[in-house]
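Proteins get letters first, then strands, A, B, ... in listed order; numbering begins at 1 in each. As a basis for the values below, the full set of heavy atoms in this structure was taken, side chains included, without hydrogen atoms, waters or symmetry mates.
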Amino acid sequence: MRVDDPQLKKIEPPKMTLADRFFLPQVAAGLVVTGKHIFGVAFQDTAITVEYPEVQHVPSPVYRGVHRLNKDEEGRPKCVACMLCATACPAHCIDIVGATAPASWPDREKYPESFVIDELRCIYCGMCEEACPVEAIELTGLYDLTGLSREEMIFDKTKLLSVFDVTRDAEPMRFTTPPPEASSATQALESPVS
Amino acid sequence: MATILINGTEYPIPEGEKLNAIQMAKRVGVEIPYYCWHPSLSVVANCRMCEVEVGSKDPKTGEVKMMPKLVPGCQTPAKDGTVLVTDSAKVQEHQRMIMELLLLNHPLDCPVCDQAGECGLQDYSYEHGQSNHRFVEERIVNPRKDVSDLIQLNQDRCIMCTRCVRFTREITQTAELQVMRRGNHAEIATFPGVSLDDNPLAGNVVDLCPVGALLDKDFLHKQRVWFLAKHDSVCTHCSTGCNISVEENKGKIWRVKPRNNPHVNDYWICDEGRYGYKDDSAPDDLLEAMYVLKGDDHVAVAIDEAVRLVDRGLKQAVIGGRTVAGVLSPFLTVEEAYLMATYLKGMTSDAVLAVGPVPARGEDRTFSPDKSAGRSGDTSFLAPRPFTIHAEKAPNARGVRAVIEHVQGAVVEYDELLRKVEAGEVGALYVASGSPTDWIDEPTAAKVREKVAFLVVQDSRVGALAHKADVVLAGGTYAEKAGSYVNADGRIQYAGASLPPRDGSLPDLDLFAVLLDRPGGPARSSDVLAELAEAAPAFAAAKGGTLPLYGATLEASASSPRENGPPPFVDAWYAAMGAAKAR
């Protein structure tokens with residue numbers, strides 16, 4: 001959809017009432033929530049923090065942690081080295097060297113010879129995941145990323161593929177290619193012009 | 001004055017040129033999409049993308065009569081009273097239909113296609129196409145094949161514009177390519193037993209291809225085109241001086257593309273120039289530091305120390321009464337040659353300036369496309385221009401000679417200088433090069449070393465003479481320096497720098513500026529050229545230090561008006577458009 005599409009609807013934020021502009025009711029409402037939490041922890045044992053590392057935190061399914069490179073059914077990296085993730089990356093932390101796919105992969109034209117992500121430079125925004133046309137790169141729920149040197153935090157292809165092996169059971173591929181639709185007769189659509 | 005009516009606005013038609021509707025509309029900022037048309041190829045009007053509403057205005061009554069059907073713009077001459085409508089619903093509907101037909105069998109593999117980002121199909125699909133694909137049958141899959149060792153053909157991406165076929169028939173007149181079979185089965189192929197290997201201009205079919213069908217294997221899958229920074233430069237691989245665009249990313253050159261210059265190379269470059277960048281894109285033998293001979297071994301020294309040693313050594317030779325000589329290689333730019341000549345002549349007026357050896361290989365090869373021979377289709381818009389690959393494999397022999405003639409009066413030839421060296425007449429020798437190949441062989445180098453007491457070599461790469469020199473200065477490759485070159489026709493053209501100087505090196509112009517103790521920090525080539533133009537009548541055409549877009553002939557005087565050709569032609573998809581235009 002284009003920016004100047006006539007079907008686009010512009011929405012203005014709602015006008016603030018007098019009470020909204022004082023902000024005090026909102027502050028009070030916030031304090032009530034805080035009070036509920038204090039009461040819950042003190043008297044009802046409903047703490048929302050965990051005793052890490054004895055207890056492991058399970059992040060939400062949309063949490064954006066360490067990247068992984070997905071593999072296809074034959075164990076090859078799904079990545080086609082189109083470098084759209086590197087293009088989308090606002091932190092310039094992805095470096096890909098593309099190469100012509102080996103002759104033994106007849107269905108593939110291009111593959112990543114090297115795929116390196118600097119996990120220290122990455123801001124975990126998830127743009128790479130969104131840009132990927134083949135769902136090859138995904139952010140996992142791994143949040144406890146540690147290392148003893150900067151070099152260790154620069155993940156190469158092998159390491160990124162191994163992250164997939166570690167997380168594939170806990171987090172199956174989020175976007176799998178939809179099955180091809182049953183072929184139907186060619187439908188004539190109305191022309192968008194005139 | 002002849003006028004044309006485009007979308008309701010009247011525009012004057014430039015005189016002296018025969019333009020078609022696409023060109024005329026482009027001049028006034030109206031875009032007519034096209035695929036198969038190219039200004040130097042005959043018009044076949046087979047892609048049907050440029051069809052517009054055409055009519056004519058009666059000069060007496062002012063009445064406009066439109067043709068009932070759409071007409072290809074590439075075939076429509078822009079003449080007085082022509083009426084073009086390029087944005088009506090009828091035209092848009094037609095463009096949408098053509099896009100849909102062209103994309104019926106086109107694979108959706110833009111992520112792995114090298115043309116993505118500068119692809120006619122992508123751009124026009126965005127501008128004039130539609131987002132849905134109504135074709136539900138299997139797309140034709142056609143395996144990729146090779147048309148030469150360096151060019152790959154992905155036939156399923158081809159839209160049968162036949163630009164490549166017409167190029168081999170009309171420009172190189174070798175006709176290696178053909179359209180095989182008809183209709184839906186049509187495909188581009190080489191004739192049996194023929195390949196593009198022997199065609200020295202073969203790489204141009206890749207540039208001509210508006211889609212990702214013909215691809216350069218040298219560039220294949222290496223970079224995405226939107227990462228590349230383009231720098232306007234001039235090819236240094238022969239004395240033609242083709243205008244090129246050097247495309248670089250991460251400090252490395254990835255490919256070289258031609259730029260349009262109607263006076264020099266038209267739209268083409270030869271394969272030697274196209275792939276010659278490899279010599280200069282970080283090979284192993286580039287000099288990484290300045291070196292000084294201490295004992296039997298070369299020691300890396302800081303730039304300022306090396307330059308001081310050069311200056312001291314040459315001055316000692318002058319004080320000792322020995323002759324100082326300089327060899328100015330034809331790979332130096334005009335500005336560098338001028339600064340080097342002034343430096344040596346400023347030290348002693350007895351200094352001998354010689355022009356370096358001009359490498360020659362093979363014979364001049366000229367392709368002279370004919371206006372009609374070998375052409376098919378409409379040729380009435382063509383202005384065929386010859387393209388020559390020169391045997392003289394140096395970019396600036398004429399410029400260096402002209403500089404030496406100005407500074408010294410007469411040029412000392414390289415062989416003459418070698419004779420002087422052998423006779424022991426030369427006490428100190430300063431050799432400045434930039435040649436991509438080793439041009440002084442081992443025996444000559446040994447002979448020179450034996451006879452010359454103080455030897456300075458300034459080069460970008462390690463050569464036989466550098467191994468024996470007292471001081472080795474690391475200069476820039478052609479990609480690292482900016483300056484002007486004078487080509488075989490005496491046309492002086494500016495080449496910009498594409499890469500920053502390597503670590504440990506300085507561009508040659510800066511080295512000479514440091515030796516000369518020029519005030520004002522790093523030397524700008526335009527300042528030096530302006531000085532030269534003031535001082536030397538031969539370079540009067542470069543007055544002010546700036547050169548016109550297409551360069552200037554040295555014969556032109558400073559007062560004569562600067563020639564301006566038509567605006568350089570570049571295919572719409574190589575220019576920023578679509579999403580990039582909106583950014």
Side-chain angles (χ1 to χ4, degrees), chain A residues 1-5 7 76-89 92-103 105-116 128 130-137 177-178 180-194, chain B residues 87-100 104 107-114 116-117 126-138 141 143-144 146 152 154 156-157 212 215-228 249-250 252 254 578-580 582-583:
Chain A
M1 187 172 275
R2 296 175 191 207
V3 187
D4 55 352
D5 196 303
Q7 289 179 335
R76 311 173 299 187
K78 277 180 97 176
C79 174
V80 294
C82 70
M83 308 190 200
L84 287 181
C85 50
T87 308
C89 181
H92 302 297
C93 66
I94 307 180
D95 185 80
I96 303 169
V97 178
T100 309
W105 299 3
D107 55 330
R108 296 275 295 273
E109 180 145 352
K110 196 178 172 188
Y111 85 110
E113 206 170 48
S114 133
F115 193 110
V116 178
C128 45
E130 223 166 294
C132 186
V134 291
E135 287 95 43
I137 188 168
T177 320
E181 270 179 54
S183 61
S184 53
T186 310
Q187 297 169 354
L189 291 184
E190 247 183 77
S191 156
V193 184
S194 78
Chain B
D87 55 0
S88 65
K90 193 174 167 189
V91 175
Q92 284 176 11
E93 174 70 30
H94 174 81
Q95 286 166 345
R96 196 183 61 79
M97 180 190 80
I98 295 294
M99 279 316 297
E100 187 169 24
L104 277 188
L108 196 56
D109 60 356
C110 300
V112 294
C113 176
D114 271 351
Y126 180 81
E127 296 260 308
H128 312 289
Q130 57 185 23
S131 52
N132 51 344
H133 189 80
R134 296 188 286 169
F135 188 62
V136 292
E137 317 301 332
E138 289 271 306
V141 177
R144 44 184 192 260
D146 294 340
Q152 173 182 306
N154 287 38
D156 40 11
R157 293 182 189 153
L215 293 171
D216 195 336
K217 281 200 206 169
D218 176 58
F219 182 69
L220 194 67
H221 299 156
K222 287 202 176 126
Q223 283 284 310
R224 301 321 301 266
V225 295
W226 54 83
F227 290 147
L228 301 173
N249 179 31
K250 293 180 181 169
K252 197 167 176 267
W254 294 94
R583 263 202 290 277

For this session: Specify which of B/K90, B/R144, B/M97, B/Q223 makes the most heavy-atom pairs with chain A at under 4.5 Å.
Result: B/R144

For this session: Check whether A/V80 gets within reach of chain B through its side chain, its backbone, both or neither, counting any heavy atom under 4.5 Å.
Result: both

Problem set entry | Part of B/Q95 within contact of chain A (heavy atom distance under 4.5 Å) | neither

Problem set entry | Spatial distance of atom CD (A/E109) from atom CG (B/D114) [nearest 0.5 Å] | 8.5 Å

Exercise. Side-chain contact, heavy-atom cut-off 4.5 Å: A/D95 with B/K250?
Worked result: yes

Exercise. How many angstroms lie between atom CE of A/M83 and atom NE2 of B/H221, to the nearest 0.5 angstrom?
Worked result: 9.5 Å

Exercise. Considering only heavy atoms from C-beta outward, does the side chain of B/R224 approach that of A/C82 to under 4.5 Å?
Worked result: yes

